Amino acid sequence: MSKKLIDTIQQIFEEQYQIQPNPADLTLQKTKKEFAGDYTFVVFPFVKTLRKAPPVLADEIGKQLMERIPEMVAEYNVVQGFLNISLQNFYWFQFLEEKNKDGVSLSFPTDNEVVVIEYSSPNTNKPLHLGHVRNNLLGAATANILSAVGKKVYRVNLVNDRGIHICKSMLAWEKFGNNSTPESTGIKGDHFVGDYYVEFDQQLKREIAEQMQRGVTEEDAIKCAPLLIQSQKMLKKWEEGDPEVRALWKKMNQWVYDGFEATYARMGIEFEKTYYESDTYLLGKKMVEKGVADGVFYRKEDGSVWADLTEEGLDEKLLLRADGTSVYMTQDLGTAQLRYDDFHPNRMIYVVGNEQNYHFDVLKLIATNKLKQSWGETIYHLSYGMVELPEGKMKSREGTVVDADDLMEEMHQEAKRSTEELGKNNLDEDQKEGLYEMIGIGALKYFILKVDPKKNMLFNPAESIDFNGNTGPFIQYTHARIKSLLRKAAQEEIDLSRDIDKNTPLEEAERGLIKIIKEYESVVQNAAHQLSPALVANYLFELSKEFNRFYQESPIFKATDPAIRVLRLQIAKLCASTIQAGMGLLGIQVPEQM
RNA sequence: GGACCCGUAGCCCAGUGGAUAAGGCGACGGCCUUCUAAGCCGUAGAUCGAGGGUUCGAAUCCCUCCGGGUCCGCCA
């Protein structure tokens, strides 16, 4: 319906004033709360060419609109150069009727775009932490949103399962593990392996300190530390395919995968395909070698291979070490090629922290300018900000990481504590646990997703994540509240499917809610365009807030007119399904009652 | 040395060239003889980091400066 308004305004400019307006200036915005009206048209851009005072022009256009489409425009008012247009109630009823039939199903034109989105990308030497949580949630929500607007989406994970850091935990387990296993100790596999990674670091520090006490300089102590040398030897053996090392590697990685699986399941994270660096780095190496043969890369005297990006305004980038082993960039080139061959996507989105902005600039440049790959242009780095603690950045080595499993469990307990404190317990034990999980995880997910992805965000463990105000539980609560209303309506056998008489009076609160519900589709579309789930989160808060106001002001079952009662129930129902759909995009479940 | 990102109330955060900068937390004051108070209403709190510029109009675009963060590893 706003399209028709714009078209009519355009006609007015063409026929009445003989000018061809710039489409960019022909936009409607929603009218601010302080003013009467539904949509606002700004006339300032036209006053110069038409040599009319803004209020005069706005008034003329308003009059024309009333004359041309009286069935649509009910009234208008002018404040300075702002033309505020109120639509006929008829239109809002019509929207309600339509939606009441189809629910909130999005009706986007089918889109043939194929998108591969990579997220999570863990290392197999330590458990997932808060940084991964943001990554996972952002990736999953973005994938859901893109899928909702009609794109074919493939979710993929890239596991960094090889390298010196993996060897370190392997070595530490071999030396200090006494053949213990996750089963024998009852420790979750990823945590079990992570503990040996920490153990390695501590033992290494001890070795270095010992040497330094004997007067060896720090630099030399590091160079000749037995643990380090052994881990390097182990990596070499791994690359040579040594059966024992490979067997150990497989065993320990499997422990980690079992652990990850549990974490992903609890977080609701899924993938269509998982890539392993151990499978892709060789392809990367091959591509680099071919690049050397083709003369687009060059080999230094020591045997290392480089890409020269000085013409592009960057520097020289290492692609293969002197000993022939691959680096991060090598592997990423291989993975990108493989991924392109697998899915032939129009876009390859990488959900990776903003500390890697430079890496992805380089990756894209090498793919397009050096290797002349058509997929180079499809690379898009969805770069997000760090999660910081009050004392600054999280650091694994200093033990200041917030563990993902611990955090989820704390959220569950916090939900339990909070629910019990409110004295809500008319559920059986299983249902209660399910509800606590829904609320706790919902609070965590919303907390992270509501902030603009590109911004750094603060997490303060001391003040646990809130359940009041702009939070997941607030929105879940709103949903539960509506469900309760609908149960009551069902009990009273009120028929919600019937159409409302379009002459029924429409109050401001009702009209306002319908208006917000109507925005849902464009919000999702915008979120897909900007790859920002935060837009959906903030919209849902606004919607819930508006509903609660309405709930307080307009008691449904006290309304004497049955038509008004049905009208309000229909609006409430639509509100609930919009919340459910929107929260679903964020990967957050909503309860029937809480 | 070079490059990128971010500065909005005590704290967190919205705002993608339009009206009097929107909310949340915290503070203070109201609202439960029941459609769920994890809610609603109200009060106090903002020279939108600073200065210039572009524009009818700038938190938003451009320039300079200040503050915070990140990257430019034969780590991933």
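All chains are named by letter (A, B, ...) in the order of the sequence lines, taking the proteins before the strands, and each is independently numbered beginning at 1. Predicted model, so just to flag it, every value in this text is computed and none were measured.
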Phosphate OP1/OP2 of B:G24 contacted by A:Lys450 side-chain N/O (<4.0 Å): no
Determine the contact category for A:Glu355: base if any of its heavy atoms lies under 4.0 Å from a base atom, sugar-phosphate if only primed atoms, P, OP1 or OP2 are that close, otherwise nothing. sugar-phosphate
Please report the distance separating the P of B:G26 from the corresponding atom of B:A38, rounded so that it comes out in whole Å. 14 Å
Report the C-alpha distance between A:Glu239 and A:Lys236 in whole Å, list the side-chain angles of each, state the deciding distance to 0.1 Å, and finish with yes or no for salt bridge (charged side-chain N to carboxylate O under 4.0 Å, His left out). CA-CA 5 Å; A:Glu239 295 227 353; A:Lys236 191 130 198 297; over 6 Å; no
Base, sugar-phosphate, or nothing for A:His359, non-hydrogen atoms under 4.0 angstrom? nothing
A:Arg568 side chain near B:C35 phosphate (N/O to OP1/OP2, under 4.0 Å): no
Less than 4.0 angstrom between a side-chain N/O of A:Asn538 and OP1 or OP2 of B:G15, yes or no? no
Among B:C72, B:C13, B:G18, the one nearest A:Tyr358 by side-chain distance: B:C72
May I ask you to check if A:Lys300 and A:Trp306 form a cation-pi contact, with NZ or CZ under 6.0 angstrom from the six-membered ring centre and within 45° of the axis? yes
So A:Ala489, base contact, sugar-phosphate only, or nothing? Heavy-atom distance under 4.0 Å. nothing
Name the closest nucleotide to the A:Gln552 side chain, picking from B:U36, B:G39, B:A76. B:G39
B:C63 versus B:A44 - spacing of their C1' atoms, nearest Å: 38 Å
Given B:C72, B:A38, B:A76, identify the nucleotide with an atom nearest to the side chain of A:Lys424. B:A38
Describe the nucleic acid contact of A:Phe474 in one word from base, sugar-phosphate, nothing, applying a heavy-atom distance below 4.0 Å. sugar-phosphate
Looking across every strand, which nucleic acid part, if any, lies under 4.0 Å from A:Gln356 by heavy atom: base, sugar-phosphate, or nothing? base
Helical stems, RNA chain B - three or more consecutive Watson-Crick or G-U wobble pairs below 3.5 Å: B:1-7 with B:66-72, B:10-12 with B:23-25, B:27-31 with B:39-43, B:49-53 with B:61-65
Between A:Arg481 and B:A37, is there a contact of a side-chain N or O with OP1 or OP2 at under 4.0 Å? yes
Under-4.0 Å side-chain N/O to phosphate OP1/OP2 contact, A:Lys545 with B:C40: yes
Is there a side-chain contact between A:Lys455 and the phosphate of B:C6, meaning an N or O under 4.0 Å from OP1 or OP2? no
Answer yes or no: does a side-chain N or O of A:Ser484 lie under 4.0 Å from OP1 or OP2 of B:C35? no
Using the P atom on both, measure B:G23 against B:C41 and round to a whole Å. 10 Å
Please determine whether any donor N or O and acceptor N or O are separated by less than 3.5 Å between the side chain of A:Asn84 and the base of B:A19. yes
Salt-bridge criterion met for A:Glu312 and A:Lys364 (N-O under 4.0 Å): no
Given the ring of A:Tyr275, does A:Arg339 sit roughly above its face, with NZ or CZ under 6.0 Å from the centre of the six-membered ring and within 45° of the axis? yes
For the residue pair A:Phe13 and A:Phe41, categorise the inter-ring angle as parallel (less than 30°), tilted (30 to 60°) or perpendicular (more than 60°). tilted
Mind checking A:Ile439 for me? I need base, sugar-phosphate or nothing, with any heavy atom below 4.0 Å counting as a touch. base
Pick base, sugar-phosphate or nothing for A:Gln476, based on heavy-atom distances below 4.0 Å to the nucleic acid. nothing
Counting any heavy atom closer than 4.0 Å, what does A:Thr40 reach on the DNA or RNA strands: base, sugar-phosphate only, or nothing? base
Are B:G39 and A:Tyr477 stacked, with the base six-membered ring and the side-chain ring centres under 5.5 Å apart and planes under 30°? no
Does the structure show A:Phe541 stacking with B:G23, if we require the centres to be closer than 5.5 Å and the planes to be within less than 30 degrees of parallel? no
List for me each residue that meets side-chain contact (heavy atoms from CB on, under 4.5 Å) alongside A:Glu510, sequence neighbours excluded, and say none if there are none. A:Leu506, A:Glu507, A:Phe550, A:Ile564, A:Leu567, A:Arg568, A:Ile571
Assess A:Arg481 against A:Tyr551: is NZ or CZ under 6.0 Å from the centre of the six-membered ring, and within 45 degrees of the ring's axis? yes
Any base atoms under 4.0 Å from A:Thr419, or only sugar-phosphate, or nothing? Heavy atoms, all strands. base
Among the nucleotides B:C74, B:C40, B:A19, whichever has the atom closest to the side chain of A:Arg549 is B:C40
Quiz item: cation-pi between A:Arg134 and A:Tyr384, 6.0 Å / 45°: no
Ignoring backbone atoms, establish whether A:Lys488 has a side-chain N or O less than 4.0 Å from OP1 or OP2 of B:C35. no
When we call it a touch if two heavy atoms are under 4.0 Å apart, what does A:Val327 touch: a base, just sugar-phosphate, or nothing? sugar-phosphate
